[in-house]
Amino acid sequence: MASYLIGVDVGTGSARAGVFDVAGKLLATAKRPISMHREDGGIAEQSSGEVWQAVCDSVRESVSRAGIDPAEVAGIGFDATCSLVVRGPEDETLPVGAPDHPERDIIVWMDHRAVEQAERINAGEHAVLKYVGGRISPEMQTPKLLWLSENRPDIYARAEHFFDLTDFLTWKASGALDRSACTVTCKWTYLAHENRWDAEYFTRIGLGDLAEQGFRRIGQSVVHPGTALGNGLTEDAAKAMGLVAGTAVAAGLIDAHAGGVGTVAAGGDASRCLGYVFGTSSCTMTTTAEPAFVPGVWGPYYSAMVPGAWLNEGGQSAAGAAIDYLVQLHPAYAEAKALADKEGKALPVWLADRALNLAASASAAAKIAEDFHVVPEFLGNRAPFADPHARAVIAGYGTETGVDSLVALYVAGLLGLGYGLRQIIETQARNGAPVETISVSGGAGAHPLARQLLADATGLPVELTECEEPVLLGSAMLGAVAAGTYPDLMVAMPAMSRIDSCAAPDPDFQKIHQARYDAFLVLQNAARAIRAASH
């Protein structure tokens, strides 16, 4: 019996693959970088050809590193960022921006070119917006499609397929055009609880042609994550990956949702635990038995992560990226970067290690922040305000220029992310989606300092699962379900994930965090009030 599973994760800057056994033990990983084109106006573009090659190379290398026979791989699952892929007839790549770059056929999730289109859609107060927290984001796909139809009408008309990146990958792997309920429900306004698209919505916002075509270009067949697609890997895909044709291919997940699947049931009850995916951006995943309508928080989405359950999704557009940008603003950045490079560490890790060296404990590191207060909304507020125009606030700067002042700013930035997470948790609890614990995944949350400060800032215990690659594990779980190794995700999740450690809130620091949280809210509200007055 085939006894191994592969999870593939396509993030913003890389594609990764991991080989797991059926108990969820990670055997090997491999990684390939993915380039991105950025320009003013919120533009971010990638190449689906480059992404697919990176995926195939990662899978091939991970299998080689694991030292297993490719014939022993039972199934493969995919997750990816919620980026928009535009493909023409005969698998033709179509430029989403400059016409002389047809290879750039992906509008990346973080691309904000469609802010004006999103505002127009929100002004229509459409019924489907009830299921995206009341307001659609420019990071979602219908505003981006509307931008494309208005600004690149020739490309829009020529497009044969509009894919979420995850669905593009499963199509390349299996040839199946089925879309995942995760992608189309969370980012395309599909109403999974009613098994339908809302034709009136598309017509009213100016995309009626998609409805008239029976939604052929965005997905006529929508299936649960983990559903086996087509006849498994095609001959071409299998050859490119070094696997066997017919290996089960699962309907996929958005990357953050794969992190949720890989973590939230490690303690047994997925509904008690908030999945916090802490990477370039951050996402919060909350599972409920009944729909919870939370203003400013995406959802409730039916079967978008766990089939048969409802999901609320929050988070921030910039998390790890916010910290990276924040520390670059400090005059000691270059000095600290040189010291980190000398020790062979990434700068955030070096800063976190130094904070622990300066403080009596991880919780005591909060005192290092001193007068610094940070509202790290450099790329808007995804939740709970759904405000793409929000911007960061940094208070408490003095004349200090040394490295330890940079450490203080770094700690304040981490705390700012923690208070933003607390704000989302409290908003959800008031609207019927309470949680008792947080399970963190993603590289930005890997350091023990980050986990403890998140626990202290939110007042909730922060769990770390045994698997060091929970996002890859979540995708491997999909492959396990598609292959029949487990009957469904509800069985696969607790069987393949376990809690390794837990950071509990330190009661001795509750008072300082309440004061800092109050300051966070004051600064955030002041910035919003000033911007509102200026408009």
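Residue numbers start at 1 and run along the sequence shown.
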Hey, are [X] and [Y] close enough for a salt bridge, meaning a charged N less than 4.0 Å from a carboxylate O?
{"X": "Asp387", "Y": "Arg531", "result": "yes"}
{"X": "Arg498", "Y": "Glu463", "result": "no"}
{"X": "Arg32", "Y": "Glu61", "result": "yes"}

On the ring face of [Y], is [X] found with NZ or CZ under 6.0 Å from the centre and within 45° of the axis?
{"X": "Arg391", "Y": "Phe378", "result": "no"}
{"X": "Arg528", "Y": "Phe385", "result": "yes"}
{"X": "Lys130", "Y": "Phe293", "result": "yes"}

Parallel, tilted or perpendicular for Phe278 and Tyr276, by the 30°/60° rule?
tilted

Tyr131 vs His193 aromatic rings, parallel, tilted or perpendicular, using cut-offs 30° and 60°?
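Ring orientation, 0 to 90° scale: tilted.
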
How many angstroms lie between atom [atom1] of [X] and atom [atom2] of [Y], to the nearest 0.5 angstrom?
{"X": "Leu26", "Y": "Asp21", "atom1": "CG", "atom2": "CG", "answer": "9.5 Å"}
{"X": "Ile121", "Y": "Met140", "atom1": "CD1", "atom2": "CE", "answer": "10.5 Å"}
{"X": "Thr458", "Y": "Ile438", "atom1": "OG1", "atom2": "CD1", "answer": "3.5 Å"}
{"X": "Ile76", "Y": "Ile6", "atom1": "CD1", "atom2": "CD1", "answer": "5.0 Å"}
{"X": "Trp109", "Y": "Ile254", "atom1": "CH2", "atom2": "CD1", "answer": "12.0 Å"}
{"X": "Asp255", "Y": "Thr12", "atom1": "CG", "atom2": "OG1", "answer": "7.0 Å"}

Enclosure of [X] [atom1] (heavy-atom neighbours >12, cutoff 6.0 Å):
{"X": "Lys337", "atom1": "NZ", "result": "no"}
{"X": "Gln514", "atom1": "CD", "result": "yes"}
{"X": "Met490", "atom1": "CE", "result": "no"}

Do we see a donor-acceptor contact under 3.5 Å between the side chains of [X] and [Y]?
{"X": "Thr166", "Y": "Asp164", "answer": "no"}
{"X": "Ser317", "Y": "Glu139", "answer": "yes"}
{"X": "Ser361", "Y": "Ser363", "answer": "no"}
{"X": "Trp310", "Y": "Thr287", "answer": "no"}
{"X": "Thr286", "Y": "Gln428", "answer": "yes"}
{"X": "Glu119", "Y": "His389", "answer": "yes"}
{"X": "Trp350", "Y": "Glu343", "answer": "yes"}
{"X": "Thr465", "Y": "Asp500", "answer": "no"}

Could you check Leu415, Ile323, Leu409 and say which one makes a side-chain contact (heavy atoms from CB on, under 4.5 Å) with Val374?
Leu409

Only residue of Thr263, Leu460, Thr437 satisfying side-chain contact (heavy atoms from CB on, under 4.5 Å) with Cys273 is Thr437

Provide the closest heavy-atom pair for [X] versus [Y] in the form atom of the first, atom of the second, distance.
{"X": "Ala250", "Y": "Gly77", "result": "CB-CA, 4.4 Å"}
{"X": "Tyr486", "Y": "Val491", "result": "CD2-CG1, 3.9 Å"}
{"X": "Ala355", "Y": "Leu449", "result": "CB-CD2, 3.9 Å"}
{"X": "Val223", "Y": "Ala251", "result": "CG2-CB, 3.7 Å"}
{"X": "Ser137", "Y": "Pro143", "result": "O-CG, 3.6 Å"}
{"X": "Pro348", "Y": "Tyr410", "result": "O-OH, 3.3 Å"}

If we only count heavy atoms from C-beta on, is the [X] to [Y] side-chain gap below 4.5 Å?
{"X": "Pro505", "Y": "Pro461", "result": "yes"}
{"X": "His447", "Y": "Asp353", "result": "yes"}
{"X": "Leu311", "Y": "Met285", "result": "yes"}
{"X": "Cys186", "Y": "His257", "result": "yes"}
{"X": "Gln524", "Y": "Val393", "result": "no"}
{"X": "Pro225", "Y": "Met305", "result": "no"}
{"X": "Val411", "Y": "Phe372", "result": "no"}
{"X": "Phe20", "Y": "Leu472", "result": "yes"}

Listed by chain and number, what are the salt bridge (Lys or Arg N to Asp or Glu O under 4.0 Å) partners of Lys367, not counting sequence neighbours?
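Testing Lys367 for salt bridge (Lys or Arg N to Asp or Glu O under 4.0 Å), a comparison that skips the adjacent residues, returns none.
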
Determine, step by step, whether Glu125 and Arg135 satisfy the side chain to side chain contact (heavy atoms under 4.5 Å, CB included) criterion, reporting the C-alpha distance in whole Å, the side-chain angles of both residues, the deciding distance to 0.1 Å, and the verdict.
CA-CA 8 Å; Glu125 298 183 351; Arg135 291 181 58 81; over 6 Å; no

Within the side chain of [X], is there an N or O that forms a donor-acceptor pair under 3.5 Å with the backbone of [Y]?
{"X": "Ser62", "Y": "Ser58", "result": "yes"}
{"X": "Asn312", "Y": "Gly299", "result": "no"}
{"X": "Asp167", "Y": "Ser180", "result": "yes"}
{"X": "Thr227", "Y": "His224", "result": "yes"}
{"X": "Asn122", "Y": "Ala118", "result": "yes"}
{"X": "Gln452", "Y": "Ala362", "result": "no"}
{"X": "Asp269", "Y": "Ala265", "result": "no"}
{"X": "Arg451", "Y": "Leu464", "result": "no"}
{"X": "Gln423", "Y": "Leu521", "result": "no"}
{"X": "Lys25", "Y": "Cys467", "result": "no"}

Apply the test side chain to side chain contact (heavy atoms under 4.5 Å, CB included) to residues Tyr517 and Ile512: give CA-CA distance (whole Å), side-chain angles for both, the deciding distance (0.1 Å), then the verdict.
CA-CA 9 Å; Tyr517 181 55; Ile512 188 174; over 6 Å; no

For residues 320-333, the side chain to side chain donor-acceptor pair (under 3.5 Å) pairs (sequence neighbours left out) are His330-Ser405

I'd like to know whether His112 forms a side chain to side chain contact (heavy atoms under 4.5 Å, CB included) with Val115, so could you lay out the CA-CA distance, the side-chain angles of the two residues, the decisive distance to 0.1 Å, and finally the verdict.
CA-CA 6 Å; His112 274 208; Val115 168; 4.0 Å; yes

Let's go through Arg382 and Ser281 carefully: what are the C-alpha distance in whole Å and the side-chain angles of both, what is the deciding distance for side chain to side chain contact (heavy atoms under 4.5 Å, CB included) to 0.1 Å, and is it a yes or a no?
CA-CA 10 Å; Arg382 182 184 290 171; Ser281 64; 4.0 Å; yes

